[in-house]
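Heavy atoms only: backbone and side chains are in, while hydrogens, waters and symmetry mates are out. Everything numeric in this text was worked out from a predicted model, so none of it was measured.
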Amino acid sequence: DDKGRIIQIGFLEATESEVIFTYEYHPTEVICWPLNCIRKYGISADGKLFALEAGRRAPSGEGIFAFKTDEAREINKRIDLYVNTHGAGR
């Protein structure tokens with residue numbers, strides 16, 4: 001949340017077409033953000049936080065979503081690669 005408290009625990013991954021969050025305790029529940037619905041994305045200076053801004057057409061609705069993860073830099077790099085290769089997003 002906006003105070004840095006954990007809301008949900010799960011797994012974040014980037015594919016060629018979307019960013020997917022899978023809930024740890026409910027693995028059949030996922031939130032997906034198609035790359036073409038992501039307005040902005042990036043990582044914190046320490047590389048431990050990945051954030052994305054979704055537009056109103058995203059399945060989650062409009063908003064800013066932040067994820068504390070050791071994989072932030074890698075996820076950001078993958079999205080950069082997919083966006084630059086396929087022209088989606090941003």
Solution key, residues 65-72 side-chain donor-acceptor pairs under 3.5 Å, sequence neighbours excluded:
from, atom 1, to, atom 2, distance (Å)
Thr69, OG1, Glu71, N, 2.9
Asp70, OD1, Lys48, NZ, 3.2

Quick check: closest heavy atoms across Ile20 and Cys32, and the distance to 0.1 Å?
CG1-SG, 4.0 Å

Apart from Ile64 itself, what residues make up its hydrophobic cluster, given side-chain heavy atom links below 4.5 Å?
none

Residues that Ser17 engages under side-chain contact (heavy atoms from CB on, under 4.5 Å), provided they are two or more places apart:
Thr15

Result block: side-chain N/O donor-acceptor pairs under 3.5 angstrom for residues 49-59, not counting sequence neighbours:
from, atom 1, to, atom 2, distance (Å)
Glu53, OE2, Arg39, NH1, 3.1

Between Glu18 and Leu35, the two heavy atoms sitting closest are N-CG, 3.8 Å

Got a sec, which residues hit salt bridge (charged side-chain N to carboxylate O under 4.0 Å, His left out) with Arg78, two or more places apart in sequence or on another chain?
Glu74

Does Ser60 have any side-chain hydrogen bond (donor to acceptor under 3.5 Å, both in side chains) partners at least two apart in sequence or in another chain, and if so, which?
Trp33

If you compare all heavy atoms of Tyr23 against all heavy atoms of Val30, which two are closest, and at what distance to 0.1 Å?
CD1-N, 4.4 Å

Is there a path of hydrophobic side-chain contacts, each under 4.5 Å between heavy atoms, that joins Ile31 and Ile79?
yes

Using side-chain contact (heavy atoms from CB on, under 4.5 Å) as the criterion, list what pairs up with Phe11, not counting sequence neighbours.
Glu24

Would you mind reporting whether Gln8 and Phe21 have side-chain heavy atoms less than 4.5 Å apart?
yes

